[in-house]
There are 2 protein chains.
Amino acid sequence: MRKRVTIEMIAKDAGVSKMTVSRAINNPEKLKRGTLIRILNSMKKHEYKPRFVARILAGSRSNTFGFIVKSNEDFVIPPFYGECVRAASNWFKKHSYRSMIFNMSDEQSASLFIDYVNSGLIDGLILFEGTHEKSLLKALKSNDIPVVLVGEDPEGTYDFYSVSSNNYNGARMAVEYLIAKGSREICYITGIGTKPSVEERLRAYTDVMCEHNLEAISVPAENTLRGGVKAVEELIEKHPSFDALFCFTDLIAIGALRGLRKRGFDVPKDVRVVGFDNIHISEYVFPSLTTVSQDMTLMGEIAARTLLQIMDETQPNDSEKHVKLPTRLIIRESA
Amino acid sequence: MRKRVTIEMIAKDAGVSKMTVSRAINNPEKLKRGTLIRILNSMKKHEYKPRFVARILAGSRSNTFGFIVKSNEDFVIPPFYGECVRAASNWFKKHSYRSMIFNMSDEQSASLFIDYVNSGLIDGLILFEGTHEKSLLKALKSNDIPVVLVGEDPEGTYDFYSVSSNNYNGARMAVEYLIAKGSREICYITGIGTKPSVEERLRAYTDVMCEHNLEAISVPAENTLRGGVKAVEELIEKHPSFDALFCFTDLIAIGALRGLRKRGFDVPKDVRVVGFDNIHISEYVFPSLTTVSQDMTLMGEIAARTLLQIMDETQPNDSEKHVKLPTRLIIRESA
DNA sequence: TTGTAGGCGTTATCAT
DNA sequence: ATGATAACGCCTACAA
């Protein structure tokens with residue numbers, strides 16, 4: 001193992017003090033041209049890289065942001081969050097910040113992430129729905145970590161900035177579309193938990209059905225492919241006469257497609273199916289999925305931009321506290 | 001912002017020196033019961049958390065491992081790697097290590113990761129195929145970072161440990177199966193680049209076709225859904241009479257299914273399709289995908305176990321240098 | 001424009 | 001079993 005190259009060695013080599021080398025790195029404009037060049041050369045020659053942890057310990061910003069995402073059975077980074085992350089991460093990059101993903105799937109990952117945060121390794125965070133646990137939010141708040149939520153804050157008690165889609169309108173569109181197409185016995189495969197997205201989409205479904213004097217029937221499912229299959233089976237058991245399914249997510253919908261086929265149903269002839277999210281693969285499955293599209297790229301960008309604004313107190317902050325993005329109905333083969 | 005709780009404050013509060021508190025954290029067995037309890041209580045009272053970066057700077061291990069994964073157009077963490085990561089990460093967890101994912105998609109992410117590694121924030125790495133770039137491997141080698149490759153080392157020059165599937169045998173199985181089923185005009189949608197997996201699967205395809213006096217026709221595709229669609233279009237253009245497709249990955253195969261359907265081909269009646277990887281979703285698409293299964297869980301576990309063995313020099317190291325895992329043909333609806 | 005001294009929070013080493 | 005001191009590598013504040 002080669003011995004580590006430190007700032008001190010560069011200083012000695014370039015015939016200056018450590019401080020001058022430090023300036024060469026952080027405020028090069030404050031140095032005389034000659035000195036700067038000499039130092040730069042020496043750094044290159046010795047392949048000097050400042051040691052990240054030392055800078056942090058001495059008080060520097062990390063210029064690094066984190067994403068906290070919850071895995072599911074099918075994906076370590078579920079596609080919907082993945083696209084938001086990609087967009088946010090590009091935004092950060094454009095502004096010379098770096099970013100990294102923490103997948104919060106267990107205690108162990110949580111501990112790592114907490115260590116990072118309270119060590120100064122992370123300057124700010126974007127939390128995706130599913131990770132908005134009270135204890136976590138509280139910890140972040142009390143440590144003064146800048147945070148933006150993707151998805152609404154379930155409690156609202158911590159007053160974080162948030163970016164989400166208009167879940168209610170999106171779900172309404174989907175159900176109204178199914179009704180317009182002639183479906184009457186529309187069942188809803190809902191999500192699990194008390195997340196706002198779950199509650200709003202369910203409420204929209206119930207409202208629309210009610211407005212049309214149709215019976216609202218919903219069953220819950222894990223947000224996974226398998227969850228979709230199981231929900232369909234439950235539905236066939238309990239309400240075999242449905243002629244359409246609205247699903248909490250595309251993942252569930254794709255599972256539902258499989259479940260329906262297994263039982264001999266044709267989509268869309270026997271049963272129309274609509275999902276939510278418009279993840280990449282929904283366009284490729286058969287039948288391709290009619291779905292409510294969330295603009296993940298825009299969500300990611302807004303989340304990133306908001307976070308930067310929160311942190312940069314010198315700039316005027318024109319970010320809305322709670323952004324709600326419109327959704328679009330994407331009509332494909334399944335309904 | 002609450003003032004940071006440091007080891008010094010705990011020491012004062014518990015009436016001992018910093019060193020003793022440090023011991024309470026790292027070698028509790030060396031303390032007298034009473035002292036230990038007093039310190040522990042004080043730590044709890046003040047919600048003391050050791051500062052990660054300070055420990056690292058002072059010479060501690062991070063007990064953290066990293067995964068380096070390459071994103072693609074469809075997924076930030078492609079499903080195949082995702083499953084390996086999940087398995088490896090569980091293995092680490094079981095041994096009280098933590099892990100994190102770096103997605104190497106650009107310069108910016110690379111810089112973060114390099115900072116981490118040469119700061120001591122990462123004790124070892126698992127690199128997935130697609131990230132085995134010469135410059136990276138060289139840097140890791142010269143910094144003495146313990147590394148395990150998933151997928152074979154394309155160069156072989158750096159002598160890293162590696163875990164991969166037997167790509168050649170897997171691909172042979174697939175092609176032989178297609179022939180046994182009666183297909184004769186079997187085209188291969190191959191991958192891009194010079195990765196061993198690309199070369200071996202292609203070689204297997206060519207060999208088998210040759211052994212049966214069949215013409216080998218292959219077109220390259222990006223490893224994405226869209227790549228599959230495009231390859232099918234190219235194939236229909238150039239060799240419209242094919243009756244089977246073997247695809248470099250499931251992602252490509254799923255794209256191919258869509259491409260075929262768009263052009264009115266029925267799978268498997270007109271064209272049989274076989275993929276490679278057996279990612280989760282392949283079981284759910286329609287027709288469900290016949291594919292060559294790699295045991296991602298086992299790969300992940302072996303990679304993790306090997307890495308731990310490399311690092312722990314006290315233990316005898318019984319890891320093979322280059323593990324090659326067997327594959328299985330999973331027969332479903334598409335062929 | 002450049003240098004000096006001190007501190008960031010922890011652990012290692014050597015004492016006691 | 002516990003403590004004192006130095007070291008890790010960098011940056012801030014002040015001085016020259």
Side-chain angles (χ1 to χ4, degrees), chain A residues 1-40 42-43 46-63 114-121 123 143, chain B residues 1-40 42-43 46-64 115-121 123 143:
Chain A
M1 172 112 106
R2 278 201 331 261
K3 194 162 165 20
R4 170 173 291 290
V5 182
T6 72
I7 202 172
E8 178 132 36
M9 297 167 59
I10 300 299
K12 204 165 293 174
D13 184 62
V16 295
S17 76
K18 293 193 293 180
M19 238 353 269
T20 308
V21 179
S22 178
R23 287 197 186 87
I25 298 166
N26 302 301
N27 308 88
E29 73 282 1
K30 293 192 173 173
L31 293 190
K32 214 160 59 185
R33 195 168 205 83
T35 339
L36 180 58
I37 292 176
R38 197 147 31 90
I39 294 174
L40 257 28
S42 177
M43 297 202 313
H46 296 288
E47 296 185 330
Y48 167 71
K49 286 269 173 208
R51 191 161 170 187
F52 198 44
V53 293
R55 311 179 77 165
I56 301 291
L57 185 58
S60 287
R61 300 227 127 173
S62 69
N63 291 327
I114 296 282
D115 271 3
Y116 269 54
V117 164
N118 74 39
S119 268
L121 251 18
D123 289 342
N143 280 340
Chain B
M1 172 111 108
R2 279 203 328 263
K3 194 162 165 21
R4 170 172 291 290
V5 183
T6 71
I7 203 171
E8 179 133 35
M9 298 168 57
I10 301 298
K12 204 165 292 174
D13 184 61
V16 295
S17 76
K18 294 193 292 181
M19 235 1 260
T20 307
V21 179
S22 178
R23 287 197 185 88
I25 298 166
N26 301 302
N27 307 88
E29 74 282 1
K30 292 192 175 174
L31 295 191
K32 215 160 57 186
R33 194 167 206 81
T35 341
L36 180 59
I37 292 177
R38 197 147 31 90
I39 295 174
L40 258 26
S42 177
M43 297 202 314
H46 296 289
E47 296 185 327
Y48 167 72
K49 287 269 173 207
R51 190 160 171 186
F52 197 45
V53 292
R55 310 178 79 165
I56 302 290
L57 185 58
S60 286
R61 300 229 126 177
S62 68
N63 290 327
T64 306
D115 272 3
Y116 271 51
V117 164
N118 74 38
S119 268
L121 251 16
D123 289 343
N143 280 340

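Lettering of chains follows the sequences in order, A, B, ..., and the numbering in each one begins at 1. Since the model is a prediction, treat every value here as computed from it, not as a measurement.
Distance check: D123(B) CG to I56(B) CD1 gives 7.0 Å after rounding to the nearest 0.5 Å. Between K12(B) atom NZ and S17(B) atom OG the span is 12.5 Å, to the nearest 0.5 Å.
Per the geometry, NZ belonging to K12(B) stands 13 Å off P belonging to dT10(C), to the nearest Å. When rounded to the nearest whole Å, the span between CE of M43(A) and C1' of dG9(D) equals 15 Å. Per the geometry, NZ belonging to K30(B) stands 11 Å off C1' belonging to dA12(C), to the nearest Å. Counting to the nearest Å, the P atom of dT5(D) and the CD atom of E8(B) are 13 Å from each other. Rounded to an integer number of Å, the gap from R61(B) CZ to dT11(C) C1' is 15 Å. H46(A) places its NE2 atom 17 Å from the C1' atom of dG9(D), with the value rounded to the nearest Å. Going from atom CD1 of I56(B) over to atom P of dC10(D) covers 15 Å, rounded to whole Å. Atom CD1 in I37(B) sits about 15 Å away from atom C1' in dA1(D), given to the nearest Å.
S17(A) comes within 4.0 angstrom of a base, heavy atoms only. Within the 4.0 angstrom heavy-atom criterion, no nucleotide atom of any strand lies near V53(A).
Across the interface with DNA chain C, nearest-nucleotide mapping of L36(A) and L57(A) shows L36(A) to be the residue nearer the 5′ end.
Of the side-chain N and O atoms in T20(A), none sit less than 4.0 angstrom from OP1 or OP2 of dT2(C). Phosphate proximity of dC8(D) to R51(A): absent, as no side-chain N or O sits under 4.0 Å from OP1 or OP2.
Rounded to 10 degrees, the angle separating the terminal helix axes of the helix from dT1(C)-dA16(D) to dT16(C)-dA1(D), each built from five base pairs, is 30°.
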If the sugar-phosphate is the primed atoms plus P, OP1 and OP2 and the base is the rest, what is the B/S/- string for nucleotides 11-16 of chain D, using protein heavy atoms under 4.0 Å?
SBB---
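Looking at D13(B), its side chain never comes within 3.5 Å of a backbone N or O of M9(B) through a donor-acceptor pair.
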